[in-house]
Enquirer: 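Structure below; questions to follow.
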Amino acid sequence: MRRFSLTSLLSESMRGHTGWGRQWRAPEPKPRYDVVIVGGGGHGLATAYYLATVHGITNVAVLEKGWIGGGNTGRNTTIIRSNYLYDESAAMYEHALKLWEGLSQELNYNIMFSQRGVLMLAHNIHDVQSFKRHVYANRLNGIDNEWLSKEECKAFCPPLDISGSLRYPVLGGALQRRAGTARHDAVAWGYARGADNRGVDIIQNCEVTGIRRDASGAAVGVETTRGFIGAGRIGVVAAGHTSTLMSMAGVSMPLESYPLQALVSEPVKPCFPCVVMSNAVHAYLSQSDKGELVIGAGTDQYTSYSQQGGLHITTHTLDAICELFPQFTRMRMLRSWGGIVDVTPDRSPIIGKTPVPNLFVNCGWGTGGFKATPGSGHVFAHTLATGTPHAINAPFTLDRFRTGRLIDEAAAAAVAH
Amino acid sequence: MAQPFRLSRGGRVDRTRPIVFAFNGKPVHGYAGDTVASALLANGIHLVGRSFKYHRPRGILSHGPDEPSALLSVDRGPGRIDPNNRASVVEARSGLRTTSQNHWPSLEFDVGAVNDLLSPVFVAGFYYKTFMWPRKFWDRVYEPFIRAAAGLGKAPTQADPDRYANRHAHCDVLVVGAGPAGLAAALAAARTGKRVILADEGAEPGGSLLHDTTSQIDGRPAADWLTETLAELDGRENVILLPRTTAFGYYNHNHVAMTERVTDHLTSAAGQAPRERLWQVRAGEVVLAGGAHERPLVFADNDRPGILLAESLRVFLNRYGVAPGRKLVFATSGASAYRAALDARAAGLDVTLVDLRLESDCGPELAQLRGAGVEVLTGHTVVGSKGRKRVTGLIVAPVGSDGRCGGRRILPCDCVGMSGGWTPAVHLFSQSRGKLRYDDAIDAFVPSISAQAERSAGAARGIYDLAACLTDGFAAGAAAAGSDERQAFKATETLTGFQPVRIMPTDANPTKVRAFVDYQNDVTAKDIKLAVREGFQSIEHVKRYTTTGMATDQGKTSNMNALGIVAGQLDKALPAVGTTTFRPPYTPVTFGALVGPARHALFDPIRTTPIHEWAEAHGALFENVALWRRAWYFPKAGEDLHAAVARECKAVRENVGIFDASTLGKIEIVGRDAAEFMNRLYINPWTKLAPGRCRYGLMLKEDGYILDDGVVARVSDECFHVTTTTGGAARVLGHMEDYLQTEWPELEVFLTSTTEQWAVIALQGPKARDVIAPLVDGIDLSPEAFPHMAMRTGMICGVPTRLFRVSFTGELGFEINVPSDHARAVWEAVFEAGQAHGITPYGTETMHVLRAEKGYIIVGQETDGTVTPDDVGMAGMIPKAKKDFVGKRSLARPDVVASGRKQLVGLMTDDPKLVLDEGAQIVADTNQPIPMRMLGHVTSSYWSANCGRSIALALVEGGRERMNGHLHVTTPDGFTRVTVCEPVFFDVQGERINA
Amino acid sequence: MLETRYRAARALPLGAASRPATAGSGVSVRPAGAEARFSLRARLAAGAAPKLAGLALDAPINTVGTDGETWIARLGPDEWLVGGPEADADLLQGRIHEALAGLPHSLVDVSHRNVGIDVSGRQAAAVLNAGCPLDLSEAAFPPGSATRTLLGKAEIVLIRATAAPLYRVECWRSFSTYVHGFLNEAVFGVEGSAAH
Amino acid sequence: MLLIACPNCGKRPETEFRCGGQAHIARPADPMTVDDGGWSEHLFVRANPKGVHAERWCHIHGCGRWFNALRDTISDRFIETYPIGEQPKSGVKPGTILGTSSATQSEARA
């Protein structure tokens, strides 16, 4: 692998950049791999990378039906934070955040992890209680998250209006300073390059059409549009398409796939320093390094694989953005897009074994998957390599829906009374 | 005033109405009907901006929405400044102040242009390869530098004084685009009598007919046909003609979103009219007639100011009467540029044309142009341009059939019109999720399989000949309206046909050539090739890695060239590389238009009760609860929250308090099976509840967790008056209707929301009875006749009431339900009657404290969607004999019956003055290492004036086993010790309530 | 004393609302006065079609009938909204019970829950369409139409009883400030339109 | 925004409706006799098909009635809507993947 650095960049610039090779190969699939990962998004590629680097398992294929990073990895608002309430979620996302902090160097790929801080605004007394509950829980879990008065919020995010004239005035906020954003595409490409360099085969335009099981019921490989590929273990990491894939092995999942929309404005000079989230009015806003305001919208109410939602979801989101930041009404929406998010009943992921031997699944990240990418890949690699879950993903079983041991962050945030 | 490049005649501008606007502080003169671009060109101004990355001088490329380079900040007055406006679509008017962007200190002398020298380093994706060391530098040095360099104009900083409107509309046929095909389609559809909407993004409908000065349609000049057609459409009741209206989004089920620009072009204040209007059209059928976009040619330094698209050059000549130069060179690989050259020649300009095609591949246009006395160099490529802030010459060379270039020749010029062929505007078709097909004959993707009820017509599907466009449009319009009518139009033959070219052949070292593909994002052909070499081979990957097609023009001029270069590099057929999926919007849309009226007071409804104005007049502060605004507390002069609440709390327990509980949800449940229905929905039993009696009801979701609670009165055998929480009203009614309609349709029960029919005045405190006694008619208020948890109907202050004897404070209490329009009067009468008893109005904060003193839970505060009845000590309400109710089965799940669940307890701090933070976490041992084991959290915490100390409720793991034990609770700077106690702090025996 | 003082005085939430809004569009937005309203729920037996004020309850869903004073809007298969003069409230209630004797039904007084706003004028439909997503053309929403729907972020019942360009917007009390404000804003929103 | 044919009110915009998820999941007659696995399936496991989906909708801001629908989750096109308690008439089975045949084309216009 040609190492990326200022030196190599400068030396290449002398010769028209003709010396850069492929960042990852385009190999033909082998007949069999120790591990086959279905889904070439950030989570799948990270899984392959950590299988190779942490567990020394390099006879690995990542199968992607389209192009890598083309699903939710490339369709989100790139927010990264770890200030979750429950121990289980906090451990997972903090594990990821720690990996994010060194990821550019680890991958030798600038994924532009920007710790500009994520500020969650409290607009009513219930928000205040809920956010303080998070702040205290995070403190005891060793996760940075601090309560800011509204004046401190304004100091941290000057575009904010704290005059009290808003429909839902800002009462304060919870700030995680280590949180921020990253360049989503680069995450997929960086992991792909790192995994490929260690021998992992990344096979694009290869759609899985079936999961083959032996007489004992164990999974032994996948049928694909490029033929059968044998596998010691199979890890399905396919976000919105998980239900479809798992049904190929006869496994029904507690999942529903919804369209999730996001949009960006035209690029402008820096005008917004951090990430602001407002659950009360449903607004998520940051400014990309390119200058676009990046705005997350909500999910549509129905399941769909169309990657297209309704206009009313967009307008509803912009209502909230322009209520919080009335100076932005003359900005323009440049692009909008939709992803397919797979949502579990408790809105927490499922990572681990399935009823089918040798078949493992990592899904159900809902709207929160991007931020977990390195952590998710890391613990799933452990699960695939050892056949048992890592301590961090052990609580995120499929079985919890039977026992009732749910990890319901959304319910914990509750509703206004 | 002098407009040196304005032709002496021609064009559709109104020469009797001169206008003047500012560009970078200098006056620019033009005429009504000009765009900012045409007026600038009329004044010889080509340099209008600096490019995104390299800060290269840039001019005006296009006349329309595909313009990538000429982006200006436009100032229309205070609060009305916005960036990134395309000069080619902003209608010029007096008073505008326009400024160029992305340069320092000035447009002419831009320090950022040093980036151009560094361009060998700043190639596609260079930033992924560097800026990684030292690690800390990213946030502090590199990223701030990149951010400052990026972006185009400056974001607005003031609130926008303009108004925006929304309009839902329906029609049988929506026609998008009022060029020849769209007009013919609208005509055909309109003649059937169906409802037609015709929308066009231009200031004037007509499309190419507005600058077609030579064609004839059915024997008369095209302009005349246009006038007649518009007159016919305008005269029809069933047609809505919308100029300045861009259809930008094609959503599900023929929902098409369009923005109409209503006032930006008006000089005089437009009264109260909105700036823009969002049209949300639900169309029976859609005809897409959005035309086609011209492709630039990709050659070295093809981005110099003065180099325009050939057809745009023709538009400036014919529509605006502006000559973008005096000595013109057209460079082309197709026929349409010949038409522009002919028109330029006819306008008296010096014209040369360079055609990549061999002589033998050219059509009749060649002879035509030569016949007009124009020099035409066929079989010639363009290898570069001369000039810096303005093109001064085009470097051309003959190219052999082997692709080799012959001797170079410089054609001096002050303006270039280039044409690399045409790309149908399939954006909306693609948004509708129709499938595209690559048409080899015209080197373009065209609509193939529809996914919705739409059809494309004319150039939008690759039909470029005028007569064919008209005929096609008419057929599409008629078919969309369900008519078999067809009409064959006759028109002057259009010069069509081109030879696809990705990168112009060149003799230069390809690693040195900078030929721009995406002008705005400064993406060169070299960048695209680099991306492909590095393994980015899907067009989506190439886009994301190089940023080609990601700028504000969304690749309208660049996509096909980029795609072609990728295909060439991979040696694949173009369709094998695929095309990108188009997503809304077609052109950028202001947030304001999308928000419409939903701003300020109309952002979200503010729900208020009939008592609201009274509370306001009595100094209440309010809190938001769901959509409601509720009185929070009633401070007297000099009181803060703490002091006011302490006073209110004491007043209730000592005398009497009055509280507005109107926001509580209310549902009237009526029918033969009402009790059975209640049995199934609540954990409690209802069959034996006597009419006139009340019961506290608790409702679960099917997953076993608490959904809502409230007091329920049985009005009669077949009628219950149910109350819900304020925020839960709609949710509970929805939950009930769902079960009633879908699970138990056999039950004869009807549900009606009466939340707003009844206002609720809560009167709480030992003197409550004394206050209302003189006001009530027909109800015996004595404790024997009217015990706690009873409901009576009668009159109060002369209006009917359902009077509840209930208490959320632990005191003697009444909740007076009266019809809402009478509530203010009754409230005032009660307040007046209460004066003698020390009546005190109180708000939600005091309500919270008083109920916490008694350990009454609030759903949503003590519970959070993961709490069961047993967790809050209410499992005893479930009758043993009850076989089923919603949520019962889930209460038997292994982890729900397991020990160690969090249970509701009270907490008392060692320091009685210390009020815990709500949300504070609880641990057993403060010396354990992080991560600590948390046992639960504080759900409610207050200063209790009545107890003379702080009190708190908490959910604690195994809490009921920990009575009188010590735990530790987080504080802002550490921990504090607490003692676990029963969750009741005042009147533990509960005697006061029965007073 | 108290009785006479309060019985007559219904304090309507928009009672103090500003003058009827009219702008260049000529649309008038006017809060209605005090009226009696009932939510009627009933399961009609096959063939049995009780009549009320001469209006059949089995009229198609989403239609309204009126005898000039009383109006009955059928909002769903088993739901009607009935309106009439304030003074006739008790009478009306009695008549409904009488008409439905023997049929399972529920009649709930919602006079104070609902607030009426009348929108009239040539462009009334366009004003409503600022927030109402329905097709309000003559063909799709002719005189005699009534339905529950949305206006912006509020639920309304929209009633067009007569041929005049006059629409009754009924909403819940606490939404009336929003709905009234929305309609007033929408009056401006139709200005400057190229389309009429 | 979808356009949904309410069986009572005809085609109305999606914002008037609330989606209630998968249809035809009947509440067990006696839930206490269902084992933990079965109850978990009842509560949580959903078909989530890429293709035809049977789902519940409520015309909450219209007639207030619940009904069922068959919708293709790939194209978001409705195949039919039908009353609660009934089965679809079209005979299209949930889970079916519809092609872009001319038949479905004409449905786009239906």
Side-chain angles (χ1 to χ4, degrees), chain A residues 4 6 9 13 16-17 20 22-24 67 70 104-105 109-110 114-115 124-125 129 132-133 136-137 140-142 167-168 185-186 266-271 289-291 310-311 315 318-319 322-323 326-337 403-405 408 411-412 414-417, chain B residues 82 84 120-121 123 128-132 139 143 146-147 150-152 154-157 159-160 251 257 511 530 534-535 538 541 544 552 583-584 588-592 594-595 598 603-604 624-626 725 727 858 860 864-866 893-896 917-921 930-932 934 937 970:
Chain A
F4 290 161
L6 183 59
L9 185 65
S13 70
H17 298 274
W20 298 116
R22 298 186 61 108
Q23 296 193 3
W24 58 87
W67 36 282
S104 289
Q105 291 72 29
Y109 208 102
N110 188 355
S114 168
Q115 291 181 291
N124 55 50
I125 294 165
Q129 294 162 351
K132 287 193 173 171
R133 187 177 167 195
Y136 281 122
L140 301 189
N141 271 323
R167 169 68 179 84
Y168 302 103
D185 294 324
E266 294 182 338
V268 287
K269 291 293 178 194
C271 66
D289 286 348
K290 210 184 157 203
L311 176 64
T315 60
L318 288 173
D319 290 358
C322 292
E323 164 68 8
Q327 65 269 38
F328 289 150
T329 42
R330 294 178 90 89
M331 293 286 290
R332 297 186 200 90
M333 173 170 84
L334 172 60
R335 273 194 308 279
S336 67
W337 63 89
T403 65
R405 194 176 196 79
D408 201 335
V415 285
H417 48 269
Chain B
D82 46 272
N84 303 348
V121 183
V123 293
Y128 299 125
K129 295 180 173 131
T130 182
F131 299 139
M132 285 178 279
D139 282 327
E143 190 183 40
I146 289 175
R147 291 190 70 175
L152 291 162
K154 294 190 180 99
T157 54
D160 184 352
Y251 296 88
T511 67
L530 171 63
E534 289 194 88
S538 152
H541 274 163
R544 286 156 181 264
T552 62
R583 301 269 175 202
V589 182
T590 56
F591 289 2
L594 293 165
V595 170
F603 164 60
D604 235 3
N624 286 305
V625 181
T725 59
I858 287 184
D864 66 2
T866 64
R893 287 185 290 166
D895 269 313
V896 178
D917 263 353
E918 287 171 345
Q921 295 288 328
I930 279 174
M932 291 195 182
M934 288 171 254
H937 74 285
T970 54

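First the proteins, then the strands, lettered A, B, ... as listed; each starts at 1. Quick note: numbers below take in every heavy atom, side chains included, and nothing from hydrogens, waters or symmetry partners.
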Enquirer: Please name the pair of heavy atoms, one in B/V595 and one in A/C322, separated by the smallest distance, quoted to 0.1 Å.
Expert: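 Heavy atoms only, the tightest pair is CG2-SG, 3.8 Å.
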Enquirer: Got a donor-acceptor contact below 3.5 angstrom from the B/E143 side chain to the A/D289 backbone?
Expert: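 Such a contact is absent between B/E143 side chain and A/D289 backbone.
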Enquirer: Mind ranking B/G535, B/A920, B/P588, B/A598 by heavy-atom pairs under 4.5 Å with chain A and telling me who comes out on top?
Expert: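 Top option by heavy-atom pairs under 4.5 Å: B/P588.
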Enquirer: Give the minimum heavy-atom separation between B/A150 and A/K269, together with the two atoms involved.
Expert: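 Scanning both residues completely, I find the closest heavy atoms to be O-NZ, 3.0 Å.
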Enquirer: Is A/L140 close to B/P931 at the side-chain level, that is, under 4.5 Å between some pair of heavy atoms?
Expert: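 Heavy-atom side-chain distance check fails, nothing below 4.5 Å.
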Enquirer: Donor-acceptor pair, distance only, cut-off 3.5 Å: does the side chain of A/S336 make one with the backbone of B/P584?
Expert: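 Side chain of A/S336 to backbone of B/P584: a pair is present.
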Enquirer: Would you say the side chain of A/P267 lies within less than 4.5 Å of the side chain of B/T552, judging by non-hydrogen atoms?
Expert: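 They are in contact (side-chain heavy atoms under 4.5 Å apart), so the answer is yes.
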Enquirer: Quick check for you: among B/A159, B/G919, B/A257, which has the greatest number of heavy-atom pairs under 4.5 Å with chain A?
Expert: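 Result: the option with the highest number of such pairs is B/G919.
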Enquirer: Is a side-chain donor or acceptor of A/N124 paired with a backbone partner of B/V625 at a separation under 3.5 angstrom?
Expert: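 No, A/N124 side chain to B/V625 backbone: no donor-acceptor pair under 3.5 Å.
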Enquirer: Pick one of side chain, backbone, both or neither for B/T157, based on which atoms fall under 4.5 Å of a heavy atom in chain A.
Expert: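 For B/T157, backbone heavy atoms alone lie under 4.5 Å from chain A.
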Enquirer: At a heavy-atom distance under 4.5 Å, which candidate from A/G291, A/G142, A/G310, A/S114 has the highest pair count against chain B?
Expert: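 The answer is A/S114.
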Enquirer: Tell me, for B/L530 versus chain A, whether the close heavy atoms (under 4.5 Å) come from the side chain, the backbone, both or neither.
Expert: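 Contact with chain A involves the side chain of B/L530 alone.
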Enquirer: Check each atom of B/N84 against the heavy atoms of chain A and say whether the ones under 4.5 Å are side chain, backbone, both or neither.
Expert: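 Looking at B/N84, backbone and side chain both touch chain A.
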Enquirer: Do you know which two heavy atoms are closest between B/R583 and A/W337, and how far apart they sit?
Expert: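 B/R583 and A/W337 have their closest heavy atoms at CD-CA, 4.2 Å.
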Enquirer: Donor-acceptor pair, A/N110 side chain versus B/T130 backbone, under 3.5 Å?
Expert: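 Yes, A/N110 side chain to B/T130 backbone: donor-acceptor pair under 3.5 Å.
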Enquirer: Working to the nearest 0.5 Å, report the span between NE2 of B/H541 and CD of A/Q23.
Expert: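 Answer rounded to 0.5 Å: 10.0 Å.
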Enquirer: Considering only heavy atoms and a distance below 4.5 Å, find which of B/V121, B/V896, B/T970 pairs most often with chain A.
Expert: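 The answer is B/T970.
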Enquirer: Testing the basics here: between A/N141 and B/M932, what is the closest heavy-atom pair and its distance to 0.1 Å?
Expert: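 Looks like OD1-O, 4.3 Å.
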Enquirer: Counting only heavy atoms closer than 4.5 Å, note whether A/L6 contacts chain B via side chain, backbone, both or neither.
Expert: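 Both backbone and side chain of A/L6 come within 4.5 Å of chain B.
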Enquirer: Side chain, backbone, both or neither: which part of A/D185 has a heavy atom under 4.5 Å from chain B?
Expert: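 For A/D185, the side chain is the part near chain B, not the backbone.
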Enquirer: Quick check on A/Q115 against chain B: is it the side chain, the backbone, both or neither that has a heavy atom closer than 4.5 Å?
Expert: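 A/Q115 touches chain B through backbone and side-chain heavy atoms alike.
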Enquirer: With sequence neighbours excluded, tell me which residues meet side chain to side chain contact (heavy atoms under 4.5 Å, CB included) with B/A155.
Expert: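 In terms of side chain to side chain contact (heavy atoms under 4.5 Å, CB included), with neighbours along the sequence ignored, B/A155 is linked to A/V268, A/C271, A/F328, A/M331.
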Enquirer: Would you please name every residue forming a ring pair (Phe, Tyr, Trp, His ring centres under 6.0 Å) with B/Y128, sequence neighbours left out?
Expert: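 B/Y128 satisfies ring pair (Phe, Tyr, Trp, His ring centres under 6.0 Å) with A/Y109, A/W189, B/Y545 only.
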Enquirer: Using side-chain heavy atoms (C-beta onward) and a distance below 4.5 Å, is B/H937 in contact with A/Y136?
Expert: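 A side-chain contact under 4.5 Å is absent here.
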Enquirer: More than 12 heavy atoms of other residues, nucleotides or ligands under 6.0 Å from NZ of B/K154: is that the case?
Expert: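 Counting neighbours around NZ of B/K154, 12 or fewer heavy atoms of other residues, nucleotides or ligands fall under 6.0 Å, so no.
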Enquirer: Does any part of the side chain of B/V589, heavy atoms only, come nearer than 4.5 Å to the side chain of A/R332, both counted from C-beta?
Expert: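 They are not in side-chain contact.
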Enquirer: May I ask you to check whether over 12 heavy atoms, not counting those of A/R405, lie within 6.0 Å of atom CZ?
Expert: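 Atom CZ in A/R405 is not packed in, count stays at 12 or less.
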Enquirer: Taking all heavy atoms of A/G16 and all of B/T511, pick out the closest pair and write down the distance.
Expert: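 Heavy atoms of A/G16 and B/T511 come nearest at CA-CB, 4.0 Å.
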Enquirer: For A/R167, is there an ion pair with B/D604 - N to carboxylate O distance below 4.0 angstrom?
Expert: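 Here B/D604 does not pair with A/R167 in a salt bridge, since their nearest N and O are not under 4.0 Å apart.
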Enquirer: To check you understand the geometry: which heavy-atom pair defines the closest contact between B/T590 and A/T329, and what is its length?
Expert: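 It is CB-O, 3.9 Å.
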Enquirer: Quick check: does any side chain N or O of B/Q921 sit under 3.5 Å from a backbone N or O of A/R133, one acting as donor and the other as acceptor?
Expert: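 Side chain of B/Q921 to backbone of A/R133, a donor-acceptor pair under 3.5 Å: yes, one is there.
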Enquirer: Between A/R330, A/E323, A/Q105, which shows the greatest number of heavy-atom pairs under 4.5 Å with chain B?
Expert: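 The option with the most such pairs is A/R330.
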